[in-house]
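First up is the structure itself, then whatever we jot down about it.
The figures here come from the full heavy-atom set of this structure, side chains too, leaving out hydrogens, waters and symmetry mates.
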Amino acid sequence: MQFSNLPQSPQSQSLMFKILVIEDEALVRANILEILDSSGDFDALGAENGLIGVRLAREHRPDLIVCDIMMPELDGYGVLDALRADPATAAIPFIFLTAKADQGDLRFGMNLGADDYLTKPFRRSELLLAISTRLEKQTALANRYSIKLKQAEERLNYLLHYDSLTNLPNLQLLRNRLGELIAQASRHQQSLSVLSLDLDRFNRLNQTFGYQVGDQLLKAVADRLGLCVALGDTVARLRADQFAIVLAPGQHKPDAAETCTIVLNAFCQPFVVSGCEVFVTASIGISVYPHDGGDADTLLQNADLALSQARQLGGNQYQFYTPQMNGVVSRMRMRSASLRQALQRCEFQVYYQPQVNLQSGEIVGAEALVRWLHPEWGFVSPAEFIPLAEQTDLILLIDQWMLQTACTQIAAWNRAGLPPVRIAVNLSGRQFQQPNFSETVLHILLGAGADSQYLELELTERIFIQTVQENVEILKSLKSHNIQISLDDFGTGYSSFKYLKSFPFDTIKIDMCFVRNIDRDSKNAAITRAIIQMAHSLNLKVIAEGVETEAELAVLRQYGCDAMQGYLFSRPVPAAEFERMLREGKCLPV
């Protein structure tokens, strides 16, 4: 009987199977060894007693052991017990030889871990069949183990190199790929662009809707980013809501800018998460090999610096890295640290920009705007510190302080007998989404002794596009107490017209980007005229922001705009100067 088709064991690899025969009867032992050697498939060795057999098993690690039960000094049971107790030999298949077939003996041996029994005397074919059957089973087990081990290794490799939520490459794999791409770009003298992308105000979304919705959004973002890049580009998730895109070598700055534009435009469309439309914007920083770094870590670090700059400028844009950004980021960190103490040190001030009726020319209101006067740096631009505050809960404290200050000022001006004007206070989405928001506003009004009809809350459209019905109820509650509601930056959102009918607004404010050069820009003129006509059809008042020239003012009057604010009439001014304007009756010529 030949066994050339036997599978190779893990230990033997391409060698013959090694069989250890432990038998105290020399004639029987020699007969078994001769059978095994003559088959051509086995490398057999013998042991004349149990002690020697245990030693040889530990030295040679055979693929299978054939062992007699009845032996002096150490019987077969003792041999099996000793080998099973040793991790190095515990898994070796074990076949007992016995001169009797007592069921109790068989059961005892099997309980110790024996794999099979042969009753002496046995035929050559019985011996070889028992051995080959056991080896085949052992090899099959080894193969299954090998497959499971390989699967485990592949899973571990996946976990080490891919993000489990989005299935995108993680930072470690991105570093490896980026290193390879840099080497390729170096060989062919090509450039290589690295984009670092972060979702604007993602923490706020998590706090509002919960982390489950946040995770679903991240997966949707990953899918959409994959549609924005070309074959050969790499999209990775670095951490939390930060992603990276590595463009294939050979692409230049215009290609990187074009990719950023494609991504930002793609984000203009809402993400549908749990049946809701969720809007989110992104900030992108770009570094380019070899100008901005010669290795993966430097390119990623500089792309992050450019990303920080894009965030500080308000987000929803991209910035290329420049060496000067190192100083800008350092300054931003200083601003962020000092911002936490600004409220305690009373460094914030409220300025008021007058709003003027275009028919009468009279001041009818003002927008309250926060200003930060630092003892060393002077006035810090809101474009710098507001985004910093929005990244933390500081924006909530600033919003509440603004509302309290404005309400206190409304009460003071009313007590002084000044002409009644409405003061508009900008509120962030974070503040609006706070529990019991309307009760908080009413409590502040009551504490300040201010008449609610002179308070106007300015809110941007982005605040309303989620949990529509809940937001409608909040606004209705506020309006029931005669508080006015205005929609700020109208025309810059994604669904402004859709929400005008749903929400109880009193006023819409046309963003300055549509007012600028309205006398020369036919598109801006058409948009502005359409907004005014539509608003009036819904019984809404219209205020134009950022009016700077007489020509812009003339067009707005021609289109029937209700009011304006802008440098043409006045910059934002301190409370005392605005009060002086009211006392003196400053007007816009009509």
Residues Lys120 and Asp68 bridged, charged N to O under 4.0 Å
yes

Just one of Asp198, Asn316, Asp200 clears the side chain to side chain donor-acceptor pair (under 3.5 Å) bar with Ser283, so which one?
Asp200

Pair Arg84, Asp115 - check salt bridge (charged side-chain N to carboxylate O under 4.0 Å, His left out), show working.
CA-CA 12 Å; Arg84 290 293 185 257; Asp115 296 283; 3.4 Å; yes

Any residue meeting side chain to side chain contact (heavy atoms under 4.5 Å, CB included) with [X], in chain and number order, not counting sequence neighbours:
X      : value
Asp86  : Arg58, Ala88, Thr89
Glu126 : Leu118, Phe122, Arg123
Asn31  : Ile35
Glu34  : Ser38

Only residue of Met71, Glu48, Arg29 satisfying side chain to side chain contact (heavy atoms under 4.5 Å, CB included) with Ile22 is Met71

Checking side chain to side chain contact (heavy atoms under 4.5 Å, CB included) between Val21 and each of Leu64, Leu45, Leu36, which is the one that passes?
Leu36

Would you call [X] and [Y] a side-chain contact if the rule is heavy atoms closer than 4.5 Å?
X      : Y      : value
Leu300 : Leu171 : yes
Asp24  : Pro72  : yes
Met325 : Gln319 : yes
Phe42  : Asp63  : no
Ile65  : Ile95  : no
Thr98  : Phe96  : no

Mind checking the [atom1]-[atom2] spacing from [X] to [Y]? Nearest 0.5 Å is all I need.
X      : Y      : atom1 : atom2 : value
Leu192 : Gln184 : CG    : CD    : 8.5 Å
Leu307 : Leu195 : CG    : CG    : 10.0 Å
His60  : Leu20  : NE2   : CG    : 8.5 Å
Lys219 : Thr166 : NZ    : OG1   : 9.5 Å
Ser193 : Tyr289 : OG    : OH    : 12.5 Å

Donor-acceptor check, side chain of [X] to backbone of [Y], threshold 3.5 angstrom: yes or no?
X      : Y      : result
Asn265 : Thr261 : yes
Glu25  : Leu27  : no
Arg134 : Pro93  : no
Ser287 : Leu299 : yes
Thr133 : Ala130 : no
Asp37  : Gly40  : no

Please assess Phe320 against Asp292 for the test side-chain contact (heavy atoms from CB on, under 4.5 Å), listing each intermediate value before the final yes or no.
CA-CA 10 Å; Phe320 281 93; Asp292 302 331; 5.9 Å; no

Run the side-chain contact (heavy atoms from CB on, under 4.5 Å) check on Cys67 and Leu97 step by step: do they pass?
CA-CA 6 Å; Cys67 181; Leu97 299 177; over 6 Å; no

Is it true that, when you exclude Gln189 itself, more than 12 heavy atoms of the residues, nucleotides or ligands shown sit nearer than 6.0 Å to its CD?
no

Residues 228-248 side chain polar contacts: donor-acceptor under 3.5 Å, at least two apart:
{"unit_1": "Asp233", "atom_1": "OD1", "unit_2": "Ala248", "atom_2": "N", "d": "2.8"}
{"unit_1": "Asp233", "atom_1": "OD1", "unit_2": "Gln251", "atom_2": "NE2", "d": "3.3"}
{"unit_1": "Asp233", "atom_1": "OD2", "unit_2": "Ala230", "atom_2": "N", "d": "2.9"}
{"unit_1": "Arg237", "atom_1": "NE", "unit_2": "Ala240", "atom_2": "O", "d": "2.9"}
{"unit_1": "Arg237", "atom_1": "NH1", "unit_2": "Asp163", "atom_2": "OD1", "d": "3.1"}
{"unit_1": "Arg237", "atom_1": "NH1", "unit_2": "Asp163", "atom_2": "OD2", "d": "3.1"}
{"unit_1": "Arg237", "atom_1": "NH2", "unit_2": "Ala240", "atom_2": "O", "d": "2.8"}
{"unit_1": "Arg239", "atom_1": "NH1", "unit_2": "Gln242", "atom_2": "OE1", "d": "2.7"}
{"unit_1": "Gln242", "atom_1": "NE2", "unit_2": "Ser196", "atom_2": "OG", "d": "2.7"}
{"unit_1": "Gln242", "atom_1": "NE2", "unit_2": "Asp304", "atom_2": "OD1", "d": "2.6"}

Taking only residues two or more places apart in sequence, or in another chain, which ones meet Phe271 in a ring-ring contact (aromatic ring centres under 6.0 Å, His included)?
Phe267

Counterpart residues, side-chain hydrogen bond (donor to acceptor under 3.5 Å, both in side chains), relative to [X] (two or more places apart):
X      : value
Gln400 : none
Tyr321 : Asn326
Asp223 : none

Results of salt bridge (Lys or Arg N to Asp or Glu O under 4.0 Å) for Glu59 - residues two or more places apart only
Arg55

Which pairs pass salt bridge (Lys or Arg N to Asp or Glu O under 4.0 Å) with one or both residues in residues 173-197, sequence neighbours excluded?
Arg175-Asp297

Residue pairs, two or more places apart or on separate chains, that pass ring pair (Phe, Tyr, Trp, His ring centres under 6.0 Å) and touch residues 162-196:
Tyr158-Tyr162

